[in-house]
Novice: 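Input: one structure, supplied below.
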Amino acid sequence: MTLEYLNGLCRQNQLVEGGFEVLGEKVSLKDVTIPLCSVACETDHIAPWKDCWRGFAQIASRNKLFILSESGHIAGIINPPSKKKYGHYLSNAGFDGTWQDWQHDASFHEGSWWPTWGKWVADFAGPMVAARKPGQGLGAAPGTYVHERANG
């Protein structure tokens with residue numbers, strides 16, 4: 001799987017160019033029609049946001065949201081709302097133009113992108129339900145199950 005991923009998706013860019021084979025079928029970004037949200041980070045050195053935007057723009061979904069978070073690869077993603085540390089950008093420019101068009105139209109929003117995503121995904125999530133009450137559990141890490149297996 002790792003070699004298929006690295007060669008097919010990363011090196012040969014098959015999801016964009018010609019299709020990537022999954023279970024005997026070739027799929028491409030133009031085959032993706034489900035609602036989709038993508039979060040990219042402004043100073044990400046691993047997945048540059050402009051390239052992420054260009055790939056996301058090729059997805060055929062009619063309902064898609066692109067969020068550009070401040071900061072880099074990890075901090076921009078894990079930044080929880082409680083920290084009030086990094087903001088994010090949203091744009092109404094759509095995906096028919098360029099990333100420059102999207103950026104020119106973008107507006108800055110204070111705080112984490114998580115609440116923005118939460119509002120977007122709520123339309124697909126159904127009603128909220130109460131969290132389950134956890135049972136006794138498996139004990140302190142590594143858990144009683146590990147000890148039972150080791151001694152059994």
Side-chain angles (χ1 to χ4, degrees), residues 1-135 137-138 141-143:
M1 182 270 168
T2 302
L3 289 177
E4 284 183 44
Y5 165 76
L6 290 173
N7 287 325
L9 296 178
C10 297
R11 294 175 80 199
Q12 298 167 12
N13 205 20
Q14 291 176 353
L15 200 55
V16 174
E17 299 171 12
F20 180 75
E21 190 171 317
V22 178
L23 299 174
E25 299 286 329
K26 288 223 174 177
V27 294
S28 72
L29 292 179
K30 294 184 182 349
D31 295 319
V32 179
T33 58
I34 61 170
L36 207 55
C37 176
S38 177
V39 180
C41 299
E42 205 170 26
T43 59
D44 191 331
H45 64 290
I46 296 170
W49 84 264
K50 295 169 187 173
D51 295 318
C52 293
W53 185 94
R54 287 182 330 156
F56 192 68
Q58 295 180 53
I59 292 172
S61 175
R62 290 186 190 149
N63 188 339
K64 54 188 177 181
L65 174 65
F66 185 82
I67 302 171
L68 179 59
S69 179
E70 287 187 304
S71 194
H73 187 74
I74 296 174
I77 297 298
I78 64 170
N79 173 40
S82 62
K83 294 291 182 191
K84 299 179 180 168
K85 196 168 183 182
Y86 302 114
H88 61 283
Y89 297 88
L90 300 171
S91 176
N92 292 317
F95 299 94
D96 292 331
T98 65
W99 64 262
Q100 292 97 330
D101 298 329
W102 186 94
Q103 187 178 39
H104 182 264
D105 181 74
S107 57
F108 180 75
H109 299 264
E110 293 284 341
S112 173
W113 59 270
W114 290 14
T116 298
W117 171 78
K119 289 176 191 166
W120 180 83
V121 79
D123 290 341
F124 311 102
M128 294 288 280
V129 296
R132 67 176 179 82
K133 300 231 184 293
L138 298 174

Novice: Would you name the heavy atoms of Leu68 and Trp102 that are closest together and state the gap between them?
Specialist: CB-CH2, 3.7 Å

Novice: Drop me the distance from Ser91's OG to Leu65's CG, to the nearest 0.5 angstrom.
Specialist: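 So the gap between those two atoms works out to 10.5 Å.
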
Novice: Minimum heavy-atom separation for Ser69 to Val39, with atom names?
Specialist: CB-CG1, 4.4 Å

Novice: If we ignore hydrogens and angles and just use 3.5 Å, is the side chain of Asp105 paired with the main-chain N or O of Asn92 as donor and acceptor?
Specialist: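 Checked: pair present.
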
Novice: Look at atom NE2 of His109 and say whether more than 12 heavy atoms of other residues, nucleotides or ligands are closer to it than 6.0 Å.
Specialist: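 Yes.
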
Novice: Please walk me through it: do Leu36 and Phe56 pass side-chain contact (heavy atoms from CB on, under 4.5 Å)?
Specialist: CA-CA 9 Å; Leu36 207 55; Phe56 192 68; 4.0 Å; yes

Novice: Quick one: closest heavy-atom pair of Gly76 and Ser71, and the distance?
Specialist: N-CB, 3.8 Å

Novice: Rounded to the nearest 0.5 Å, what separates atom CG in Leu29 from atom CG in Leu15?
Specialist: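 It is 4.0 Å, given to the nearest 0.5 Å.
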
Novice: Check side chain to side chain contact (heavy atoms under 4.5 Å, CB included) between Thr98 and all other residues, then give those that pass, not counting sequence neighbours.
Specialist: Gln100, Asp101

Novice: Does the separation of the ring centres of Phe95 and Trp53 fall below 6.0 angstrom?
Specialist: yes

Novice: Which heavy-atom pair separates Gly19 from Ser28 by the least distance, and what is that distance?
Specialist: CA-CB, 4.4 Å

Novice: Could you give the distance from CG (Asn79) to CH2 (Trp113), rounded to the nearest 0.5 Å?
Specialist: 9.5 Å

Novice: Measure the spacing between CD of Gln103 and CD of Glu42 and express it to the nearest 0.5 Å.
Specialist: 7.5 Å

Novice: Would you list the pairs meeting salt bridge (Lys or Arg N to Asp or Glu O under 4.0 Å) in which at least one residue belongs to residues 12-34, sequence neighbours left out?
Specialist: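 Passing the test, one end in residues 12-34: no pairs.
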
Novice: Report yes if the side chains of Val32 and Val27 come closer than 4.5 Å at any heavy-atom pair, otherwise no.
Specialist: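 Contact flag for Val32/Val27 side chains = no.
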
Novice: According to side chain to side chain contact (heavy atoms under 4.5 Å, CB included), who are the partners of Ile74, at least two apart in sequence or on a separate chain?
Specialist: Ile78

Novice: Are any of the side-chain heavy atoms of Trp49 and Cys41 separated by less than 4.5 Å?
Specialist: no

Novice: Between atom CG of Leu6 and atom CE of Met1, what is the distance when rounded to the nearest 0.5 Å?
Specialist: 8.5 Å

Novice: Among residues two or more places apart or on two chains, list those pairs meeting salt bridge (Lys or Arg N to Asp or Glu O under 4.0 Å) that have a residue in residues 49-75.
Specialist: Asp51-Arg54

Novice: Under the ring pair (Phe, Tyr, Trp, His ring centres under 6.0 Å) test, which residues partner Tyr89, sequence neighbours left out?
Specialist: Phe108

Novice: Donor-acceptor pairs under 3.5 angstrom involving side-chain atoms of residues 114-129: please list them, not counting sequence neighbours.
Specialist:
unit_1 : atom_1 : unit_2 : atom_2 : d
Trp114 : NE1    : Ile77  : O      : 3.0
Thr116 : OG1    : His88  : NE2    : 2.8
Trp120 : NE1    : Asn63  : OD1    : 3.2

Novice: Which atoms form the tightest heavy-atom contact between Ser112 and Pro80, and what is the distance?
Specialist: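 Smallest heavy-atom distance, with atoms named: CB-C, 3.8 Å.
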
